[in-house]
Colleague: 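Before anything else, here's the structure in question.
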Amino acid sequence: MPYNFADIEKKWQARWENSHCFESHTDTSKEKFFCLEMFPYPSGALHMGHIRNYSIGDVLARFLRKKGKNVLYTIGFDSFGMPAENAAIKFKTKPHDWTLSNIAYMTEQLKRMGYSYDWRREAITCLPEYYRWNQWIFLQMYKRGIVYQKEAPVNWCETCGTVLANEQVVDGGCWRCGTPVHKKNLKQWFIRITDYAQELLDDIEKDLNPGWPRRVRIMQTNWIGRSEGARLTFKIPELDYELDAFTTRFDTIYGVTFIALAPEHELVRKMQSVMNDDDAKKLSEFVKLVSSQSSIERSDAGAEKLGFKTPFYGINPVTGKKIPIWIANYILIDYGTGAIMGVPAHDQRDFDFCRKYDIPIIPVINPKDGTILDGATMTHAFEEDGIACNSGQFDGMKTEDAIPAMIDWGEREGICKREVNFKLRDWLISRQRYWGTPIPFVYCDKCGVVPVPEEQLPVILPEDVEVKEVGRSPLLDRPDFLNTTCPHCGGPARREADTMDTFFCSSWYFDRYCSPGDTNAPFEKSDVDYWMPVDQYIGGIEHACLHLIYARFFAKFLTDIGLTKYREPFTRLLTQGMVIKDGAKMSKSLGNTVDPTEMVKKYGADTIRLFILFAAPPNNDLEWSDRNVEGAHRFLNRVWRYVEENAENLKKYGGKVIPMSEIKAGNLRDFKRKIHTTIENVTHDVYDEKQFNTAIARLMELTNAIYSLNDDTPEAWELKREAVDVLLNCLSPFCPHITEELWEMLGHSDMLCLAPWPESDDSAMVQDSVIIVAQINGKVRGKFERPAGMAKDELERSIMGEQSIADKTAGKEIVKVIVVPDKLVNIVVKG
RNA sequence: GCGGGGGUGGCGGAAUGGUAGACGCGCCAGACUUAGGAUCUGGUGGAGUAAUCCGUAGGGGUUCAAGUCCCCUCCUCCGCACCA
């Protein structure tokens, strides 16, 4: 009977489903394990990256179930977002219909792979039963002042027709479409994630080391971007304005020769209003020029610095000197206060700017080697530590002492204030898009911005809409959606037409997995208290500074309001590598994709899973190889053939496990040992290392050993049966279908997915004899078999006594002999 | 520029400081076959008839012993990058 994977896989998928064996329940008497994968966006079909992600997760889920853990393992769909709108325009369909039909198709694909999900727990974010809780959580945030509205220069993507959060601007472009992002002044909803900046930072090392890859921890640390310094104020008497600036180098305050503002700074408008028309016009032109630059052009370190000199001056609070105010393109409105004190002698950017515009350069630190810097002749800024000069009472101090001393002094004099600044910005949550969670607010002419009362949730997103163009939400053309009554005064009001960033949905879906279908709350506290935090999270690295930061923030917020009790949602994180073909990431645009469905049709799900898990360790990139898929298929055929052809004998000898102590023949003792070292090693590779490729290699070795044991005695058959049982059991998390089928063929009545993981027997792993490596001066000169456990001196004598070794050491002075028991003897000789 | 990974056969990849190259792919030879792109057996880092020598990016070092530890250099991938 050939290996008919198609029928076998179908059969077992049905059995698993009918027996509900993967459904898990909250049970505090059992040790839980929450295995989570980043849920997919329903773009149409699964790609190999998904298959890899979920195959890794399924191995762990199946393995841990066998280890007796109560495993929560499920999936869902992150199903709000732009592509549905674009598809709707292109195919003249509705985002809702397009999304749900994609979900249906991808669900079939997932089921066809044999993943052991508890489908009752599935979460689909675009359905009102899910997104109403987005709205509810949003209102909880609002109540606690975490949500607010403000007008600010925000990132705008023209192609997507919407604003973006800072995290969603990658290399100055939109994270989805790459379009260069521009700043635009808009009134938007924000979430105060910066309230949690310090905690988000501290917990990286406190709780996520070593559970998270170092790479991700560093990326988040840099993203949060903490820096310590001081805030100081420049008075501008002519404008009756106090301008704040943040600096990490307050020790260079005597070297300030200009002040620079970001073109978006509020003071710019104020200046224009008091300037003469001609100058005001020139200033507007400059601002317009800079804002026409995309973020890429403006934020490139090599970009040319552009400045505009205003007729205004600020007063240096320390020296009392008048400092000219400039507006410069390299000052970011997003960082610090959007204004800087310019110290060209000690900051390369300021230096470049001053050389270009002929602004004086005053050194206030000299190098420790005694060099005296001269502002007129310096060729670059001196940014290292040194000795203070031209700095009044602080002259002669070393930089490391001058910084705290000067800030201390400044604080006492009321000139500055210690401040910690973060690069992390508040999370811009509004999107000018249709296919998302409606933001639960209304605008009333009388009462202003009013939250929708919780009992009126959900604010339903109309499904029957036609999306005609990018950049204009169809909600704006839906009076039935827009027009409402004010919950406060009952008068006419208008709904917020913006929707939420979809990262809101994905920030708490794992909580929902814990108590699906709850209609009274986003989740039941007792469920979440039991299952959360996630024990193992698996997904791509691309979310390092997006989803993974937002979800961490949510965890902290939900705990602060008493809904949960964990502060970090993901205890361990595995970031799997990309799937590569012909040296490049698989992508539709490159035309190098491999369709999982086709592969499954041709080889079966077990083969694809095996290939993908065997070809590389999970965190490496994985090169797709048709040849290696064939190889994986060949291995399964080999397993199939052996069990099938020997089923009669194997069945006859089932059940009785012969202990090592009763086995006499050397070949059988070796075989028994192989069985148990395999268990030991596979267990270690899967659980401790998550190195599935080596685990599979061990199982291939065991298979080879089974084939190689040419011994027809009943004793040998008992052992072969033990070996086959172990092989099938250990292979089952990787290839669950074929192993179930063969397990059943051997007469087991239980399902293999429920059978406990085998235990290795220490007594079966004891070595009878070992190969001793004989070295002379560190070079291998022979290998000899010896009984295991020989004493050092005995072993030394025995190896020295070998003729070939004695010949090679004859006539030479033996300096010393290193003996590593059961391993090697190294003879160090002279001459 | 800063930070973090990597660099091992023809390829994917293995190796608690102790036999470098497990396992697989490919390749070579053979067996069985009408046939083989099925299956099985054996071989497979390089040089050499051989003993042996050389081999983990390159160079130094520590050690009885280094792919593994330390220092320097090169290459490569990734992240960040005018962050005040």
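Here is the naming used below: chain letters follow the sequence lines, and residue numbers restart at 1 for every chain.
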Colleague: For A:R355, what residues pass the side-chain hydrogen bond (donor to acceptor under 3.5 Å, both in side chains) criterion, not counting sequence neighbours?
Modeller: none
Colleague: Give me the distance, rounded to whole Å, that separates B:rC54 from B:rG59 when you measure between the P atoms they each carry.
Modeller: 14 Å
Colleague: On RNA chain B, check which nucleotide each of A:T247 and A:M219 is closest to and give me the residue with the more 5' one.
Modeller: A:M219
Colleague: Got a second to check how far A:N4's CG is from A:W640's CH2, nearest 0.5 Å?
Modeller: 8.0 Å
Colleague: Using the P atoms only, state how far B:rC82 lies from B:rC75, rounded to an integer number of Å.
Modeller: 25 Å
Colleague: Tell me the interatomic distance from A:E630, atom CD, to B:rC23, atom C1', rounded to whole angstroms.
Modeller: 18 Å
Colleague: Check whether any side-chain heavy atom of A:F635 lies under 4.5 Å from a side-chain heavy atom of A:L731, and answer yes or no.
Modeller: yes
Colleague: Rounded to whole Å, please give me the gap between CD in A:Q691 and C1' in B:rG24.
Modeller: 16 Å
Colleague: In whole angstrom, what separates A:H633's NE2 from B:rG37's C1'?
Modeller: 13 Å
Colleague: Does a side chain donor of either A:Y335 or A:S227 reach within less than 3.5 Å of an acceptor in the other side chain?
Modeller: yes
Colleague: Whole-Å distance between B:rC23 P and A:M700 CE?
Modeller: 11 Å
Colleague: Mind checking what makes side-chain hydrogen bond (donor to acceptor under 3.5 Å, both in side chains) contact with A:D685, not counting sequence neighbours?
Modeller: A:T694, A:R698
Colleague: With 3.5 Å as the limit, what N/O pairs link the protein to nucleotides 9-13 of chain B?
Modeller:
from: B:rG12; atom 1: O2'; to: A:A615; atom 2: O; distance (Å): 2.5
from: B:rG13; atom 1: O3'; to: A:N693; atom 2: ND2; distance (Å): 3.3

Colleague: If the P atom of B:rG9 is compared with that of B:rA14, how far apart are they to the nearest Å?
Modeller: 14 Å
Colleague: Can you tell me the distance, in whole Å, between the NE2 atom of A:H684 and the C1' atom of B:rA14?
Modeller: 14 Å
Colleague: If the P atom of B:rG43 is compared with that of B:rU49, how far apart are they to the nearest Å?
Modeller: 22 Å
Colleague: Return the stems involving RNA chain B, sorted by first number, where pairs are Watson-Crick (N1-N3 with N6-O4 or O6-N4) or G-U wobble (N1-O2 and O6-N3), both under 3.5 Å, and runs are 3 or more long.
Modeller: B:1-7 with B:74-80, B:10-12 with B:23-25, B:26-31 with B:39-44, B:45-47 with B:52-54, B:57-61 with B:69-73
Colleague: Determine the interatomic distance between P on B:rC27 and the same-named atom on B:rG36; round to the nearest Å.
Modeller: 15 Å
Colleague: Starting at the 5' end of RNA chain B, which residue's closest nucleotide do you reach first, A:E701 or A:D685?
Modeller: A:D685
Colleague: What's the spacing between A:L727 CG and A:K720 NZ if we round to 0.5 Å?
Modeller: 14.0 Å
Colleague: Taking only nitrogen or oxygen atoms into account, show me every contact under 3.5 Å that the protein makes with nucleotides 38-43 of chain B, one pair per line with its distance.
Modeller:
from: B:rU39; atom 1: O3'; to: A:R641; atom 2: NH1; distance (Å): 3.4
from: B:rC40; atom 1: OP1; to: A:R638; atom 2: NH1; distance (Å): 2.9

Colleague: If the test is side-chain hydrogen bond (donor to acceptor under 3.5 Å, both in side chains), which one of A:R425, A:Q168, A:K183 qualifies with A:N155?
Modeller: A:K183
Colleague: Could you work out, with side chain to side chain contact (heavy atoms under 4.5 Å, CB included) as the rule, every residue matching A:L573, not counting sequence neighbours?
Modeller: A:W212, A:P213, A:V216, A:Y537, A:L548, A:T575
Colleague: Tell me whether the guanidinium CZ or amine NZ of A:K690 lies under 6.0 angstrom from the six-membered ring centre of A:Y687 and within 45° of its axis.
Modeller: yes
Colleague: Using a 4.0 Å heavy-atom cut-off, does A:L332 contact any base of the nucleic acid, only the sugar-phosphate backbone, or nothing at all?
Modeller: base
Colleague: Take atom NZ of A:K356 as the centre, draw a 6.0 Å sphere, and report whether it contains more than 12 heavy atoms from other residues, nucleotides or ligands.
Modeller: yes
Colleague: Please list each protein N or O that sits under 3.5 Å from an N or O in nucleotides 60-67 of chain B, with the distance.
Modeller:
from: B:rC64; atom 1: OP1; to: A:K816; atom 2: NZ; distance (Å): 3.3
from: B:rC64; atom 1: O2'; to: A:N826; atom 2: ND2; distance (Å): 3.2
from: B:rC64; atom 1: O2; to: A:N826; atom 2: ND2; distance (Å): 2.7

Colleague: Report all side-chain donor-acceptor pairs from residues 245-253 of chain A shorter than 3.5 Å, counting only partners two or more places apart or in another chain.
Modeller:
from: A:T247; atom 1: OG1; to: A:R249; atom 2: N; distance (Å): 2.9
from: A:R249; atom 1: NE; to: A:D251; atom 2: OD1; distance (Å): 3.0
from: A:R249; atom 1: NH2; to: A:D251; atom 2: OD2; distance (Å): 3.1
from: A:T252; atom 1: OG1; to: A:R249; atom 2: O; distance (Å): 2.8

Colleague: I'd like to know if the side chain of A:D426 pairs up with that of A:T194 as donor and acceptor (distance under 3.5 Å, no hydrogens or angles considered).
Modeller: yes
Colleague: Cation-pi check for A:Y330 against A:K305: NZ or CZ below 6.0 Å from the six-membered ring centre and within 45 degrees of the axis, yes or no?
Modeller: yes
Colleague: For A:Y357, which of A:W326, A:F308, A:F351 qualifies under ring-ring contact (aromatic ring centres under 6.0 Å, His included)?
Modeller: A:W326
Colleague: Quick one: is B:rC80 close enough that its OP1 or OP2 comes under 4.0 Å of any side-chain N or O from A:K423?
Modeller: no
Colleague: For B:rG6, measure the glycosidic angle (O4'-C1'-N9-C4 for a purine, O4'-C1'-N1-C2 for a pyrimidine) and name it syn if it falls within 90° of 0, otherwise anti.
Modeller: anti
Colleague: Calculate the interatomic distance between A:N222 atom CG and B:rC2 atom P; express it in whole Å.
Modeller: 14 Å
Colleague: Please check the phosphate of B:rG5 (OP1 and OP2 only) for any side-chain N or O of A:R214 closer than 4.0 Å.
Modeller: yes
Colleague: Only counting residues at least two apart or in another chain, list the ones meeting ring pair (Phe, Tyr, Trp, His ring centres under 6.0 Å) with A:Y603.
Modeller: A:H633
Colleague: Return the value, rounded to whole Å, for the distance between atom CG of A:D171 and atom P of B:rC78.
Modeller: 11 Å
Colleague: Under 4.0 Å, heavy atoms only, any strand: does A:I331 hit a base, just the sugar-phosphate, or nothing?
Modeller: base
Colleague: May I ask you to check whether A:S798 and A:R786 show a side-chain donor-acceptor distance below 3.5 Å?
Modeller: yes
Colleague: Atom CH2 of A:W223 and atom C1' of B:rA81: how far apart are they, to the nearest Å?
Modeller: 12 Å
Colleague: With heavy atoms under 4.0 Å as the rule, sort A:R226 into base, sugar-phosphate or nothing.
Modeller: nothing
Colleague: Of the options B:rU19, B:rA84, B:rG26, whose atoms approach the side-chain atoms of A:I340 most closely?
Modeller: B:rA84
Colleague: Would you list the protein and nucleotides 44-50 of chain B atom pairs, both N or O, that sit under 3.5 Å from each other?
Modeller:
none

Colleague: Under 4.0 Å between any heavy atoms, over every strand shown, what does A:N704 touch: base, sugar-phosphate, or nothing? Just pick one.
Modeller: sugar-phosphate
Colleague: Pick the P atom in B:rG7 and in B:rA57, then give their distance to the nearest Å.
Modeller: 7 Å
Colleague: Hey, can you pull the donor-acceptor pairs under 3.5 Å for the side chains in residues 773-785 of chain A, sequence neighbours left out?
Modeller:
from: A:N777; atom 1: OD1; to: A:V829; atom 2: N; distance (Å): 2.9
from: A:E785; atom 1: OE2; to: A:S769; atom 2: OG; distance (Å): 2.6

Colleague: Between B:rC23, B:rU19, B:rA84, which nucleotide gets closest to the side-chain atoms of A:T248?
Modeller: B:rA84
Colleague: By side chain to side chain contact (heavy atoms under 4.5 Å, CB included), which residues pair with A:E645, not counting sequence neighbours?
Modeller: A:R641
